[in-house]
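Have a look at the structure below, then the notes.
For the numbers below, each heavy atom of this structure counts, side chains included, while hydrogens, waters and symmetry mates do not. Nothing here was measured: the structure is a model prediction, and the numbers come from that model.
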2 protein chains.
Amino acid sequence: MEDKTCHGVEVAIDAMAGKWKPIILFHLMENKVMRFNELKRSIPNITQKMLTSQLRELEYHHIVHRKVYPQVPPKVEYSLTDYGQSIIPILKSMQKWGTSHFEHLNKNDKEQARE
Amino acid sequence: MEDKTCHGVEVAIDAMAGKWKPIILFHLMENKVMRFNELKRSIPNITQKMLTSQLRELEYHHIVHRKVYPQVPPKVEYSLTDYGQSIIPILKSMQKWGTSHFEHLNKNDKEQARE
DNA sequence: CAGAATCCGGTACGATACTG
DNA sequence: CAGTATCGTACCGGATTCTG
């Protein structure tokens, strides 16, 4: 919050903070609509607790929409809000960069013992 | 690491993880070359420890270049590597999104008591 | 000036149950 | 199926002091 110039960046960080949010968003971006367990299956290492909390935070930021079907057994669908769609460019550029970065890292670390 | 599709995203997250990295990068993006204390002054709330550790991690990822002038008093300059420049689009899109998101949030939260 | 070295607390995250 | 409710821990990040 110190100065204006990077305020936007901080806000974005805040909205996407959390180990799993970008991954969740990425899956929602690809599949449009996903149920809770469907998401969970797509992200094997995540716990229910984490998936729930991260989704709730994304909901708070109006990035993800949570649609509950009042029935038994429960059915809940998650999707990007119209507004949340606007975050896609960030995800895309992250993915693009990440992929090339991964190769870049491998190149340089090939002979370096790391840890 | 579970599946390929979002691997890039995870890598990007990993490289930018940390409370201050995007902010540091943002400043380096704007000012090209900055000395340690110059960076510190630009980010009032950061501690030396954090600034140091975050810079070291960015260095490890070959995003930031650290140039040491062997002299007394010490002089160290930080800058984006050629490769690190490639991360700029992410920062730009984050800033752009963050700014509009901030307004978006304010609109919706105007009457909601939040914490 | 640019850090290294300690110490320390909060919390983000994980593991494991339990439930409507 | 889609969650809550506890509990425990690692570690991230802050405050402070010391140094070449």
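Checked against side chain to side chain contact (heavy atoms under 4.5 Å, CB included), Ala12(A) has the following partners two or more places apart in sequence or in another chain: Met94(B), Trp97(B). Partners of Lys92(B) under the side chain to side chain donor-acceptor pair (under 3.5 Å) rule, at least two apart in sequence or in another chain, do not exist in this structure. Qualifying side chain to side chain donor-acceptor pair (under 3.5 Å) partners for Ser93(B), counting only residues two or more places apart in sequence or in other chains: none. Partners of Lys67(B) according to the salt bridge (Lys or Arg N to Asp or Glu O under 4.0 Å) rule, which considers only residues two or more places apart in sequence or in another chain, do not exist here. Take Ser79(A) and apply the side chain to side chain donor-acceptor pair (under 3.5 Å) test, not counting sequence neighbours, and it matches no residue. Applying the side chain to side chain contact (heavy atoms under 4.5 Å, CB included) criterion to Thr81(B), with sequence neighbours excluded, gives His65(B), Tyr83(B). Partners of Arg66(B) by side chain to side chain donor-acceptor pair (under 3.5 Å), not counting sequence neighbours, listed by chain and number: Tyr78(B).
Here the C1' atom of nucleotide dA2(C) and the CE atom of Met50(B) are 16 Å apart, to the nearest Å. Nucleotide dA2(C) holds its P atom 18 Å from the CD atom of Gln54(B), rounded to whole Å. The distance from atom CE of Met34(B) to atom C1' of dA2(C) is 15 Å, rounded to the nearest whole Å. For the pair Ile46(A) CD1 and dG14(C) P, the computed distance is 7 Å after rounding to whole Å. When the C1' atom of dA15(C) is taken as reference, atom CG of Asn45(A) falls 14 Å away, rounded to whole Å.
Map Lys19(B) and Pro74(B) each onto its nearest nucleotide of DNA chain D; the residue landing nearer the 5' end is Lys19(B). Nearest-nucleotide assignment on DNA chain C puts the 5′-proximal partner with Arg35(B), out of Arg35(B) and Gly18(A).
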Report the C-alpha separation of Ile90(B) and Met16(B) in whole Å, then their side-chain angles, then the decisive distance to 0.1 Å, and conclude whether the side-chain contact (heavy atoms from CB on, under 4.5 Å) test is met. CA-CA 10 Å; Ile90(B) 302 183; Met16(B) 305 187 64; 4.1 Å; yes
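Within the structure, the salt bridge (Lys or Arg N to Asp or Glu O under 4.0 Å) test picks out the following pairs touching residues 55-64 of chain B (sequence neighbours left out): Lys21(B)-Glu57(B), Arg56(B)-Glu59(B). Screening residues 35-54 of chain A for salt bridge (Lys or Arg N to Asp or Glu O under 4.0 Å), with sequence neighbours left out, gives no hits.
Met34(A) is connected to Val68(A) through a chain of hydrophobic side-chain contacts under 4.5 Å among Ile, Leu, Val, Met, Phe, Trp and Tyr, so both are in one cluster.
Along DNA chain D, read 5' to 3', the first and last nucleotides having any atom under 4.0 Å from a heavy atom of chain A are dC1(D) to dC7(D).
Each end of the helix from dC1(C)-dG20(D) to dG20(C)-dC1(D) yields a helix axis from five base pairs, and these two axes differ in direction by 50° (to the nearest 10 degrees).
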Anything under 3.5 Å between a protein N or O and an N or O of nucleotides 3-7 of chain C, put it in a table, one pair a line.
| unit_1 | atom_1 | unit_2 | atom_2 | d |
| --- | --- | --- | --- | --- |
| dG3(C) | OP1 | Arg56(B) | NH2 | 2.7 |
| dG3(C) | OP1 | Arg66(B) | NE | 3.4 |
| dG3(C) | OP1 | Arg66(B) | NH2 | 2.5 |
| dG3(C) | OP2 | Tyr78(B) | OH | 2.4 |
| dA4(C) | OP2 | Arg56(B) | NH1 | 2.8 |

